[in-house]
There are 4 protein chains.
Amino acid sequence: MSGTRSRRMPTQARSKATVEVILQASAQVLKREGWARLSTNRVAKVAGVSVGSLYQYFPNKEALLVALVRGHAERQLSTLSEHLIGLQDAPLEQLVPTTVRALLAAHRVDPELHRVVAGEIPPMDALAEIRSVQDHFAALLSMELKRRRHEIREVDIELAVFVLISTVEAITHGAVLRHEQFLDDRLIEETSLLVLRYLER
Amino acid sequence: MSGTRSRRMPTQARSKATVEVILQASAQVLKREGWARLSTNRVAKVAGVSVGSLYQYFPNKEALLVALVRGHAERQLSTLSEHLIGLQDAPLEQLVPTTVRALLAAHRVDPELHRVVAGEIPPMDALAEIRSVQDHFAALLSMELKRRRHEIREVDIELAVFVLISTVEAITHGAVLRHEQFLDDRLIEETSLLVLRYLER
Amino acid sequence: MSGTRSRRMPTQARSKATVEVILQASAQVLKREGWARLSTNRVAKVAGVSVGSLYQYFPNKEALLVALVRGHAERQLSTLSEHLIGLQDAPLEQLVPTTVRALLAAHRVDPELHRVVAGEIPPMDALAEIRSVQDHFAALLSMELKRRRHEIREVDIELAVFVLISTVEAITHGAVLRHEQFLDDRLIEETSLLVLRYLER
Amino acid sequence: MSGTRSRRMPTQARSKATVEVILQASAQVLKREGWARLSTNRVAKVAGVSVGSLYQYFPNKEALLVALVRGHAERQLSTLSEHLIGLQDAPLEQLVPTTVRALLAAHRVDPELHRVVAGEIPPMDALAEIRSVQDHFAALLSMELKRRRHEIREVDIELAVFVLISTVEAITHGAVLRHEQFLDDRLIEETSLLVLRYLER
DNA sequence: TATGAATGAGTCTTCATTCAT
DNA sequence: TATGAATGAAGACTCATTCAT
């Protein structure tokens with residue numbers, strides 16, 4: 001049985017390796033040249049496989065992007081999760097900085113890729129599902145604010161969620177991608193202050 | 001002299017009109033089809049001129065975008081200026097909401113164009129100069145915060161400027177382009193509250 | 001005025017010449033290699049123009065075929081017309097052979113092209129209109145048979161039209177394309193005999 | 001011996017089954033998608049075998065078509081034969097309608113396949129042998145007419161054979177594939193009338 | 001200056017065929 | 001023998017740019 005498996009493994013391994021090498025090449029081209037310059041032939045060449053192989057695993061050019069973005073989103077999410085474990089009952093004064101830190105970490109997962117993905121991808125149906133990640137985070141935040149309603153001032157939760165998410169996302173995004181000079185604990189303190197003061201009674 | 005001039009004027013006027021019609025066609029195509037689908041031939045056709053004429057006024061495709069973005073930035077800036085006249089000595093409590101309002105107005109100058117320009121333009125050297133608009137605004141804010149140093153808490157000005165600009169830009173951008181349901185006075189109040197609480201001692 | 005025209009003529013003439021050369025190349029490739037081997041790049045190369053030029057005049061590969069077929073159908077129809085002028089009141093014994101002769105002539109307009117077009121073109125919406133030529137001829141025949149109802153035996157006109165058109169088309173087609181040895185007056189006589197005997201009381 | 005055989009039989013049987021499943025898949029794809037969209041990979045997938053297996057039994061794409069067409073021709077021929085048994089001495093008035101009926105039956109063996117094969121297959125050397133079926137039938141008809149020389153008018157037999165075969169083939173083909181509304185006994189009567197009148201003294 | 005015909009490299013994608021396992 | 005991953009030439013089509021008129 002292990003014999004069969006070991007006989008088949010190489011095949012599966014080869015496929016997996018090919019997919020992997022294609023994705024890496026895609027990421028590389030995407031980061032270095034941008035979405036507009038990413039072509040399937042180019043990716044294949046960089047990956048060292050034939051275009052045919054690429055199309056064996058990805059039905060079209062968009063699929064490359066989708067796979068890349070999905071992978072990135074997953075890695076971001078797990079980074080986020082790791083940072084946020086066991087904080088449900090922490091006071092806001094601890095929860096907020098930790099969350100900011102977590103978002104910064106998530107942004108640092110692959111900043112180059114994030115820059116391209118966040119910056120120059122035309123609206124694409126295939127990516128719609130990905131955006132749900134943000135919506136998911138928004139929903140979580142909404143629930144959390146409702147749970148802690150007594151800790152904060154009276155406010156339209158939906159509006160506050162929009163304000164806070166826009167805010168923190170912009171700050172972390174900007175710091176990681178354009179202003180690394182601000183990337184230190186002071187940024188976290190300032191951002192946390194911004195959020196805490198905004199929420200407090 | 002007036003002879004020469006009158007002989008030339010029509011020509012210059014015609015040139016200007018041609019440039020204008022090309023830019024409008026570019027904007028139209030850009031908004032409707034996106035940067036990827038914008039082609040010089042299509043723009044020329046929509047503009048009702050020949051490709052040749054287009055290339056007479058714009059050396060290449062990028063030049064169209066640059067002109068468009070420059071024009072848009074100028075219109076945004078003047079909108080901003082109009083809203084901010086005579087506020088030098090206003091108290092923060094008045095200055096901040098007005099500024100937020102001004103930024104929202106600037107974002108509404110041509111949201112469709114802004115969406116495309118902000119969202120799916122590949123990094124382009126030619127557009128670097130445009131970013132100076134933001135830098136310009138940052139510098140202004142920086143000066144203003146220094147002037148009002150006594151009104152606010154002690155803080156690293158550069159860092160605060162980064163935080164505030166990221167924040168307000170993200171909120172206005174998001175509200176205009178993705179969350180129109182928040183586009184009302186409450187948004188301005190919340191945003192102002194965010195900023196004022198962040199700055200106060 | 002003629003000056004303007006003569007200045008513009010060259011341009012129009014160039015376009016026309018390009019279209020013509022493309023169509024000729026298409027016909028050549030189609031006859032020599034068949035529809036399956038006809039590619040736009042190949043046609044362009046044979047025509048001595050760039051693919052781009054081809055696409056300036058023909059929106060896609062099918063359009064080449066449509067233009068070719070349309071032209072061929074027109075040439076066939078005018079050949080047919082020439083042969084059938086002034087026969088409205090001729091007796092059947094004269095009308096039938098003349099029509100057979102006319103159909104043979106029509107089939108000889110460009111037999112090679114006809115072979116390909118009639119033989120190996122997959123069903124294509126764009127060609128549907130062309131098939132109306134046959135329907136047109138069927139309608140004419142139908143009318144004629146009704147007009148001459150008294151000269152022929154009682155018969156379901158629609159059925160007879162189907163039988164006759166299938167028949168004569170097959171004979172002329174086969175004679176021109178596969179059995180040139182039969183291409184003489186005896187074929188016309190035999191075919192006419194077939195038709196006349198079929199119709200007579 | 002039975003040992004060897006029983007050891008081999010399964011293998012041979014499996015081969016046969018594989019060939020069969022491939023051919024059926026080919027036919028299916030051919031009918032549903034046309035010759036242009038028939039690809040060896042697709043056929044293999046539909047057949048549930050690997051491309052490699054396909055190439056084990058068919059050296060190239062054409063071979064699929066050849067096998068398919070050959071099988072179809074054989075089925076058509078046997079249909080024809082079944083209908084024509086024991087008619088050698090029947091009078092023309094009986095022989096002709098029966099033959100027409102037989103040809104119609106042959107055309108109905110697999111009209112979908114016939115439509116594709118007759119309609120959109122590029123000229124292919126490998127299919128030349130198949131055309132011999134028609135030639136075979138022509139030879140039979142030729143002999144028959146010679147045998148019955150006294151029953152019919154004087155005529156160039158070869159010419160008459162060409163006329164008759166073209167005619168009846170076109171009618172049956174057209175009726176089955178494009179004009180089912182004519183597919184009834186009246187069609188057989190009319191066609192027989194056409195033939196009989198053509199041949200009678 | 002304006003025109004628009006022409007160019008051709010480059011893009012996405014398909015598919016017959018091979019070959020290592 | 002079977003498998004299916006891999007190959008890469010070829011095809012349809014686009015578009016920035018040039019240049020003769």
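Per chain, numbering begins at 1; letters A, B, ... match sequence-line order.
- B/Leu38 comes within contact range of the sugar-phosphate backbone alone, with a heavy-atom separation under 4.0 Å but no base atom that close.
- When the P atom of E/dG10 is taken as reference, atom NZ of A/Lys45 falls 10 Å away, rounded to whole Å.
- Distance check: B/Gln24 CD to B/Gln28 CD gives 9.0 Å after rounding to the nearest 0.5 Å.
- The nucleotide whose nearest atom lies closest to any side-chain atom of B/Val51 is, among F/dA16, E/dC15, E/dG4, E/dG4.
- Using the Watson-Crick or G-U wobble rule with both distances under 3.5 Å, E/dA20 pairs with F/dT3.
- Each of A/Thr18 and B/Pro59 lies near DNA chain F, and the nucleotide nearest A/Thr18 is the one positioned closer to the 5' end.
- Following rounding to the nearest Å, A/Arg42 (CZ) and E/dT11 (C1') show an atom-to-atom distance of 12 Å.
- Closest-nucleotide positions on DNA chain E for B/Gly48 and D/Arg37 were compared, and the one nearer the 5' end corresponds to B/Gly48.
- Here A/Ser53 does not reach the OP1 or OP2 of F/dA5: none of its side-chain N or O atoms lies under 4.0 Å away.
- Look at CD on C/Glu33: it is 10 Å from P on F/dG11, rounded to the nearest Å.
- Using modelled atom types and a 3.5 Å distance limit, the side chains of B/Tyr57 and B/Ser15 yield a donor-acceptor pair.
- OP1 or OP2 of E/dA2 sits under 4.0 Å from a side-chain N or O of B/Gln56.
- A straight line from CH2 of C/Trp35 to C1' of F/dG11 spans 12 Å, rounded to a whole angstrom.
- Residue A/Asn60 is in sugar-phosphate contact alone, with no base atom involved, counting any heavy-atom pair closer than 4.0 Å across all strands shown.
- Atom NZ of C/Lys61 and atom C1' of F/dC13 are 12 Å apart (whole Å).
- Take the nearest nucleotide of DNA chain F for B/Ala36 and for B/Gly52: the residue whose nucleotide is more 5' is B/Ala36.
- Considering only side-chain atoms of D/Tyr55, the nucleotide from E/dT17, E/dA2, F/dA6 that sits closest is E/dT17.
- The side chain of A/Ser39 places no N or O atom within less than 4.0 Å of a non-bridging phosphate oxygen (OP1 or OP2) of E/dG10.
- The separation between A/Phe58 atom CZ and F/dA6 atom P is 12 Å, rounded to whole Å.
- Side chain of A/Ser15, nearest nucleotide from F/dT17, E/dT13, F/dA5: F/dA5.
- Residue-level contact check: B/Thr40 touches the bases, meaning some heavy atom is under 4.0 Å from a base atom.
- Pair assignment for F/dA12: E/dT11, on the basis of Watson-Crick or G-U wobble contacts that are both within less than 3.5 Å.
- Among the candidates C/Leu64, C/Ile121, C/Val117, the single residue satisfying the side-chain contact (heavy atoms from CB on, under 4.5 Å) test with C/Val69 is C/Val117.
- The CZ atom of D/Arg70 sits 12.5 Å away from the CZ atom of D/Arg75 when rounded to the nearest 0.5 Å.
- Close to E/dG4, at under 4.0 Å from its OP1 or OP2, lies no side-chain N or O of B/Ser50.
- Put simply, CD1 on B/Ile22 is 13 Å from P on E/dG4, counting in whole angstrom units.
- Remark: B/Thr40 OG1 to B/Leu54 CG distance equals 6.5 Å, nearest 0.5 Å.
- When the nearest nucleotides of DNA chain E are assigned to C/Leu54 and C/Asn41 by heavy-atom distance, the more 5′-ward of the two goes with C/Leu54.
- Atom CG of B/Asn41 and atom NZ of B/Lys61 lie 11.0 Å apart (nearest 0.5 Å).
- Residue B/Tyr57 is in sugar-phosphate contact alone, with no base atom involved, counting any heavy-atom pair closer than 4.0 Å across all strands shown.
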